[in-house]
Structures are given as C-alpha cells and as structure tokens.
Amino acid sequence: MLDQFDIKLLAALQQNSEMTQGELSQKVNLSATQCARRLERLRKEQYIQSVVAILNPAKLGFSVVAHTLVSLRAHTEGGNERLHRFIETAPEILECYSQTGDADFLMKVMTRDLDHLSQFLERMIRVTDNLASVKSSIVLKTIKKTTALPLQIVT
C-alpha cells in the first residue's frame with residue numbers, strides 16, 4: 001500500500017526524474033536514506049516502470065501526429081498476427097490500443113510530414129492485407145500533453 005510519502009516521491013519523479021537524491025528528499029521531506037529505501041521498494045514493486053528521456057519531436061523533424069482508427073475485415077489468426085507484428089515493429093506507431101466501438105484499434109502515429117504519413121498508411125495496408133477501413137485524424141494543435149498520472153486521486 002502506498003502512503004503519502006510514496007505518492008509525493010512518485011509525483012516528484014514524474015515531474016523531474018533527474019533530481020539528485022538530496023533534492024528529492026528535500027522535496028518530499030524525508031531523509032536521503034529513507035528516500036533511497038522507498039525508491040528501491042517502488043522500483044522493485046514496479047510502481048516505477050522505467051525512467052526515460054522525453055524528446056522534442058519538432059526539434060527532430062517530426063511535425064505530423066495522427067490518430068488512426070483501424071477496422072479489420074475478419075479476425076483470423078494469421079491476419080491478427082500480421083497486424084500485431086506490424087504494430088510492434090513500426091516506429092511511427094507511438095501507441096496502439098485494441099478497443100470496443102466502431103474501430104478495432106486506435107493508434108497514435110507520428111511522422112515527419114504528410115508524405116511520410118501516406119507512405120506509412122500504404123505500408124500498413126499492404127503488409128497487413130486484412131483491413132476493412134483506416135481513418136486518420138491529423139492533430140492541428142496540442143492543447144494538453146502529459147505523461148504524469150493523476151496521483152492525487154490515489155490517496
């Protein structure tokens with residue numbers, strides 16, 4: 001079970017995982033030793049999955065984000081395997097969810113430009129060969145983007 005100090009630690013790490021042990025312990029009002037022990041436990045219990053760098057897509061030449069809905073013609077073992085393999089290996093797909101509703105999958109796709117998106121979609125259709133429909137919506141402007149979980153509702 002998580003207590004208020006665990007929640008504070010996790011919240012602080014979500015905002016800045018590069019804090020030193022001293023900065024982190026000051027932020028959550030724990031000694032450095034207690035902080036280190038708690039962090040070790042939180043990692044061991046997999047509350048912390050990984051620590052990564054979040055890159056700036058625009059600086060790296062990525063300007064198009066598309067939310068793509070994919071529907072399958074049929075759910076066959078071979079067709080599903082081809083699509084799953086494509087999803088897992090396509091670097092343009094940042095996130096993919098199997099879902100209920102009008103489409104079978106929702107993907108977040110990032111590409112350099114619209115031509116790159118078109119090539120990606122053509123490749124997906126060609127490789128998977130079992131798609132009933134593919135609908136993409138292009139993001140015009142990001143209003144909110146975060147990786148932080150709403151930890152205040154956990155307590």
Side-chain angles (χ1 to χ4, degrees), residues 1-72 80-121 123-124 127-128 134-155:
M1 194 71 188
L2 299 177
D3 66 17
Q4 67 176 345
F5 291 108
D6 294 330
I7 298 294
K8 285 181 181 179
L9 270 170
L10 293 171
L13 287 173
Q14 284 190 122
Q15 297 306 313
N16 180 3
S17 66
E18 291 185 323
M19 276 190 273
T20 66
Q21 196 67 254
E23 291 170 330
L24 191 56
S25 61
Q26 277 185 336
K27 184 109 174 155
V28 298
N29 298 319
L30 286 173
S31 71
T33 306
Q34 287 177 318
C35 212
R37 246 192 321 251
R38 283 174 179 267
L39 277 176
E40 184 179 328
R41 180 181 57 80
L42 291 168
R43 284 188 179 101
K44 184 180 176 184
E45 293 176 3
Q46 298 182 341
Y47 285 98
I48 301 170
Q49 284 184 326
S50 63
V51 178
V52 299
I54 298 173
L55 306 180
N56 183 332
K59 285 277 196 187
L60 295 165
F62 295 95
S63 63
V64 174
V65 177
H67 294 129
T68 301
L69 294 168
V70 175
S71 296
L72 301 177
N80 286 350
E81 284 179 19
R82 280 192 302 280
L83 180 60
H84 285 211
R85 198 172 325 114
F86 178 81
I87 290 167
E88 290 167 1
T89 59
E92 297 91 344
I93 301 173
L94 302 182
E95 298 175 37
C96 181
Y97 303 95
S98 177
Q99 63 178 25
T100 63
D102 294 337
D104 296 308
F105 299 94
L106 170 63
M107 299 177 187
K108 179 180 178 183
V109 177
M110 185 173 290
T111 61
R112 292 182 303 280
D113 51 35
L114 290 175
D115 188 49
H116 182 190
L117 178 63
S118 177
Q119 292 169 17
F120 162 78
L121 293 171
R123 191 172 83 238
M124 181 173 61
V127 169
T128 57
V134 176
K135 298 176 185 175
S136 291
S137 297
I138 307 299
V139 172
L140 298 176
K141 181 179 177 181
T142 300
I143 307 300
K144 179 180 179 180
K145 180 179 178 181
T146 184
T147 59
L149 299 177
L151 294 178
Q152 66 276 12
I153 64 173
V154 174
T155 57

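Keep in mind the model is a prediction, meaning the values are calculated, not measured.
Separation of atoms CD1 (I87) and OG1 (T128) is listed at 8.5 Å; rounding is to 0.5 Å. Within the model, atoms OG1 of T89 and NE2 of H84 stand 12.5 Å from one another, a figure rounded to the nearest 0.5 Å. Summarising the geometry, atom CG belonging to N80 is positioned 6.0 Å from atom CG belonging to L72; distances are rounded to the nearest 0.5 Å. Separating the CZ atom in F105 from the SG atom in C96 is a distance of 6.0 Å, to the nearest 0.5 Å. One distance of note links CG of L39 with CG of L24; it measures 5.5 Å at 0.5 Å rounding. With rounding to the nearest 0.5 Å, the separation of CD in Q15 from CG in L10 is 12.0 Å.
Partners of E95 according to the side chain to side chain donor-acceptor pair (under 3.5 Å) rule, which considers only residues two or more places apart in sequence or in another chain, are Y97. In terms of the side chain to side chain contact (heavy atoms under 4.5 Å, CB included) criterion, residue partners of S31 (sequence neighbours excluded) are, by chain and number, T33, Q34. Checked against ring pair (Phe, Tyr, Trp, His ring centres under 6.0 Å), F5 has no partners two or more places apart in sequence or in another chain. For Q119, the side chain to side chain donor-acceptor pair (under 3.5 Å) partners two or more places apart in sequence, or in a different chain, are D115. Evaluation of the side chain to side chain donor-acceptor pair (under 3.5 Å) rule for T68 yields S136 as partners, not counting sequence neighbours. Take L55 and apply the side chain to side chain contact (heavy atoms under 4.5 Å, CB included) test, not counting sequence neighbours, and it matches A53, L60. Here D102 pairs with nothing under the side chain to side chain donor-acceptor pair (under 3.5 Å) rule; sequence neighbours left out. For F120, the ring pair (Phe, Tyr, Trp, His ring centres under 6.0 Å) partners at least two apart in sequence or on another chain are F86.
When each of V109, V139, L117 is paired with V64, the side-chain contact (heavy atoms from CB on, under 4.5 Å) condition holds for L117 and for no other. Exactly one residue among L9, L151, L42 makes a side-chain contact (heavy atoms from CB on, under 4.5 Å) with L2. That residue is L42.
M107 has its side chain out of reach of E92: every pair of non-hydrogen atoms, C-beta onward, lies at least 4.5 Å apart. Two residues are said to be in side-chain contact when any heavy atoms from C-beta on lie closer than 4.5 Å; V70 and M124 meet this criterion. Side-chain contact between D113 and F62 is absent, with no heavy atoms from C-beta onward closer than 4.5 Å.
Note on residues 43-52: pairs passing side chain to side chain donor-acceptor pair (under 3.5 Å), not counting sequence neighbours, are R41-E45. Listed by first then second residue, pairs satisfying salt bridge (Lys or Arg N to Asp or Glu O under 4.0 Å) with a partner in residues 80-91 number zero, not counting sequence neighbours. Screening residues 136-148 for salt bridge (Lys or Arg N to Asp or Glu O under 4.0 Å) gives no qualifying pairs among residues at least two apart or on separate chains. Judged as a salt bridge (Lys or Arg N to Asp or Glu O under 4.0 Å), not a single pair has a partner in residues 14-34 (not counting sequence neighbours).
Heavy-atom contacts from other residues, nucleotides or ligands closer than 6.0 Å to CD of E40 number 12 or fewer.
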Taking it one step at a time, do Q14 and T147 satisfy side chain to side chain contact (heavy atoms under 4.5 Å, CB included)? CA-CA 8 Å; Q14 284 190 122; T147 59; over 6 Å; no

Output, in order, the C-alpha distance, side-chain angles, deciding distance and verdict of side chain to side chain contact (heavy atoms under 4.5 Å, CB included) for Q99 and D104. CA-CA 5 Å; Q99 63 178 25; D104 296 308; over 6 Å; no

Evaluate side chain to side chain contact (heavy atoms under 4.5 Å, CB included) for I138 paired with L114, printing each intermediate quantity in order. CA-CA 9 Å; I138 307 299; L114 290 175; 4.2 Å; yes

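The pair D3-K8 does not meet the salt-bridge criterion, since no charged nitrogen lies less than 4.0 angstrom from a carboxylate oxygen.
S17 contributes no side-chain N or O that, together with a main-chain N or O of L13, makes up a donor-acceptor pair within less than 3.5 Å. Proximity of a side-chain donor or acceptor of S63 to a complementary backbone N or O of R112 within less than 3.5 Å is detected. A donor-acceptor distance shorter than 3.5 angstrom exists from the side chain of S25 to the backbone of Q21, with no hydrogens or angles considered.
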